[in-house]
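Below: one structure, written as C-alpha cells.
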Amino acid sequence: MVSRAVIVIGSSYGDEGKGLAAAEAARRCGGPTLNILINGGAQRGHTVDLPDGRRHVFRHFGSAALEGAVSLADRDFMVNPMVFVQELQELREQFPEKSPRLLVSENCRVTTVYDMMVNQILEDARGNQRHGSCGLGIYETRRRYEQTDWALDFGALSRLTAEEFRRYCLRIAREYIPRRLAAEHTALPEDWKELLGSEGLIRHSWEDLRAMEAETEVFRDWKTAAAPFSTLIFEAGQGLALDEFNLAASPHLTPSRTTSFVSASRIAQLGRPVDTEVVYVTRSYLTRHGAGPLPTECPMSRINPEIVDLTNMPNPYQQTLRYGTFEAGEVLSRIRADRVATRQLLPQARFSALVTHLNETGGEIFGNTTLREYAAHFDRVWISASKYSARPLDP
C-alpha cells in the first residue's frame, strides 16, 4: 500500500525544525501515515507548535502524531520507558482529543536509569572537556549493549518477571556501573551511591516498563508493520554534522547514523517503487546545542537579539544553545555526500530543502548566501517564517 515517502534530515547540528517538517509532510501527503523514528532516542526534542498556543516536544512519538500519524520506533531507536511514560501523560493532558499510537520494534535497545546515571556522572567529571551530551544516556546505552551481557532488547525485557527484571537491574548497578566508571578513572560520587542500589528505583523502572508495554504495540517485521500505510515519514534525530562517522568532529557526535541512508534502506526493503522526497532542514542561521566545533559561531545578538527558543533552554549538560552564521559551502558539502549514498538505493529520489526561522532573519538566510542561491541546489524548496507551517518557495 505504501506509495510515497518523505525522509526528514537535519542539515547540520540539529535543532533545525525537523518537527515542523514532519508535521507539514503529514498535512501535505494525507492518507494513512506512518511516522518512523529512525535513530537516536529520548534525547531527540522535535517541537510542534499549534496556532492555538499548544505545543509539544516529541521524543518517543513522531512529530506527525498530532496530524493523525501512527508512530514507529525502528530497531535502531533506543526507547526509555521512564521518558515515554512522562511524554504520554503530557500528550494526553495537552491533547485529550488525540489518541497517539506507537509501534515498537522488539529489537529496540532500552535505556535504563543507570545509563542516564553513568552518562551524567561522566559528563560532569569531564569539566571543560565535555562531549556535549544531554545526559539522557544514549551513548551509554549503546555501549552497554555492544560490550556486555546485560543487554536485553525491548521484546526480551517484556517477557521477564518482576524478579528477573530486578536481578537484571542489580547486575547493571552492582557489576557494570563500577567497571564502567573505573574504565574512565572516575569514582562514584557520594550523592549517587544510595540511589544506585535503591530497590525503589528498580520498582519504579519496572512499573514504567510495564506501562510502556501496555501502551505500545510490538512488531517484528518491518515490511508487515509498514504495509497498511500509504505514506511513510522518516524522521531522523540530530543532524548530518553529528553523524557517528563524522570522525573529524569526534568526540562531539551522536552515537547513531543521522543520514538518509538508513531510511532509504528501509524503503528499498519494501521491494516496490516508492515516490521518495528527502527534505534537508535548516534554520536560516546555524545553531549547536552542546560542546563541539561551530566554525561560524557568533553571539545571538548578531543574528537577532529577540530570538527566543523555548525548546532549547539552558541545562546542566548541553548548557546554552549556541549560534552561528550560515556557511553554505559547509552545509551543501554535507548534503551532497548524503545524496550520493541515498541515490545508490533510490535513484529516482528527489532532494528538497526546508529553511525555517526566516521570520527571525527578515526572510533571508543570515550568512554567505541568499535564499535563492541556496534554493538552486535542490529540486524544490520549502520555507517557513512561522512556527506553525511551511510553504513552497515561490518560483
Side-chain angles (χ1 to χ4, degrees), residues 37 40-45 57-61 71 73 75-92 100 102-124 133-181 188-218 255 315-317:
L37 313 182
Q43 93 280 32
R44 69 198 301 275
V57 180
F58 287 92
R59 299 188 183 277
H60 281 82
F61 290 88
S71 303
R75 63 189 179 195
D76 291 328
F77 186 83
M78 303 177 198
V79 298
N80 184 324
M82 180 181 72
V83 176
F84 169 83
V85 169
Q86 294 170 348
E87 180 176 10
L88 183 60
Q89 180 178 348
E90 291 171 3
L91 279 169
R92 286 175 170 167
L102 175 64
L103 312 181
V104 180
S105 168
E106 65 175 4
N107 301 125
C108 281
R109 293 162 288 185
V110 181
T111 296
T112 69
V113 291
Y114 305 106
D115 300 306
M116 298 167 66
M117 187 183 302
V118 171
N119 181 180
Q120 294 174 23
I121 291 170
L122 292 179
E123 191 73 347
D124 285 338
S133 168
C134 57
L136 284 170
I138 302 303
Y139 172 74
E140 293 302 328
T141 301
R142 173 173 168 171
R143 189 181 191 281
R144 177 170 58 81
Y145 272 80
E146 291 179 347
Q147 300 188 22
T148 81
D149 294 329
W150 308 296
L152 298 180
D153 59 28
F154 187 73
L157 278 176
S158 299
R159 293 188 288 271
L160 296 183
T161 65
E163 179 56 28
E164 289 170 336
F165 181 80
R166 175 180 176 274
R167 291 198 298 266
Y168 177 76
C169 289
L170 285 175
R171 290 192 68 191
I172 295 173
R174 294 175 179 176
E175 298 178 39
Y176 174 66
I177 288 186
R179 294 178 189 178
R180 173 70 182 118
L181 293 177
L188 179 67
E190 287 295 326
D191 54 349
W192 288 90
K193 288 183 178 179
E194 183 177 352
L195 182 62
L196 181 62
S198 168
E199 291 285 346
L201 187 62
I202 295 175
R203 286 194 299 272
H204 195 329
S205 297
W206 170 250
E207 291 167 1
D208 286 340
L209 175 65
R210 296 311 300 266
M212 185 169 184
E213 292 168 20
E215 297 287 357
T216 59
E217 304 162 48
V218 176
N315 67 68
Y317 297 99

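Legend: residues meeting salt bridge (Lys or Arg N to Asp or Glu O under 4.0 Å) with Arg109, ordered by chain and number and at least two apart, are absent. Residues forming a salt bridge (Lys or Arg N to Asp or Glu O under 4.0 Å) with Glu146 (at least two apart in sequence, or on another chain): Arg142. The side chain to side chain contact (heavy atoms under 4.5 Å, CB included) test applied to Glu215 returns Phe84, Leu88, Arg92, not counting sequence neighbours. Listed by chain and number, the residues in a salt bridge (Lys or Arg N to Asp or Glu O under 4.0 Å) with Arg75 amount to none (sequence neighbours excluded). With sequence neighbours left out, Phe154 forms a ring-ring contact (aromatic ring centres under 6.0 Å, His included) with no residue at all. Judged as a salt bridge (Lys or Arg N to Asp or Glu O under 4.0 Å), and not counting sequence neighbours, Glu164 has no contacts. By the side chain to side chain contact (heavy atoms under 4.5 Å, CB included) test, Glu106 is found to be paired with Val218, Arg220, residues two or more places apart in sequence or in another chain being considered. Evaluation of the side chain to side chain donor-acceptor pair (under 3.5 Å) rule for Glu90 yields no partner, not counting sequence neighbours. In this structure, the ring-ring contact (aromatic ring centres under 6.0 Å, His included) partners of Phe165, at least two apart in sequence or on a different chain, are Trp206. Under the rule for a side chain to side chain donor-acceptor pair (under 3.5 Å), the partners of Thr112 that lie at least two apart in sequence or sit in another chain are Asp115. With sequence neighbours left out, Glu190 forms a side chain to side chain contact (heavy atoms under 4.5 Å, CB included) with Lys193.
Within the 4.5 Å cutoff, no side-chain heavy atoms of Leu152 are placed close to those of Val110. Looking at heavy atoms from C-beta onward, Leu136 lies out of side-chain contact with Thr111 at the 4.5 angstrom threshold. Phe58 has its side chain out of reach of Leu37: every pair of non-hydrogen atoms, C-beta onward, lies at least 4.5 Å apart. In this structure the side chain of Arg167 never reaches within 4.5 angstrom of the side chain of Arg171, judged on heavy atoms.
Atom OG1 of Thr161 is separated from atom OH of Tyr168 by 14.0 Å, given to the nearest 0.5 angstrom. Note: Gln86 CD to Arg59 CZ = 9.5 Å, rounded to the nearest 0.5 Å. One distance of note links CG of Leu157 with SG of Cys169; it measures 8.0 Å at 0.5 Å rounding. From Leu160, atom CG reaches atom CZ of Arg166 across 13.5 Å, with rounding to the nearest 0.5 Å. How far CD1 of Ile138 is from CZ of Arg44: 10.5 Å, rounded to the nearest 0.5 Å. One finds the CD atom of Gln43 at 10.5 Å from the CG atom of Asn80 (value rounded to the nearest 0.5 Å).
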Side chains of residues 172-179: which donor-acceptor pairs under 3.5 Å do they make with residues two or more places apart or in other chains?
none

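The two residues Pro81 and Met212 make their nearest non-hydrogen contact at CA-SD, 3.7 Å. Contact record, Thr141 with Gly137: OG1-O, 2.6 Å, taken as the closest heavy-atom pair. Nearest approach of Gly45 to Val57, heavy atoms of both residues: CA-CG1, 3.4 Å. Considering every non-hydrogen atom in both Ala73 and Cys108, the closest pair reads O-SG, 3.5 Å.
Checking side-chain atoms of Asp153 against main-chain N and O of Asn107 turns up no donor-acceptor pair under 3.5 Å.
Residues Arg210 and Glu207 are not paired through a salt bridge, judged by the lack of any N-O separation under 4.0 Å between the basic side chain and the carboxylate. Between Arg144 and Glu140, none of the side-chain N atoms (NZ, or NE/NH1/NH2) sits under 4.0 Å from a carboxylate O, so this pair counts as no salt bridge.
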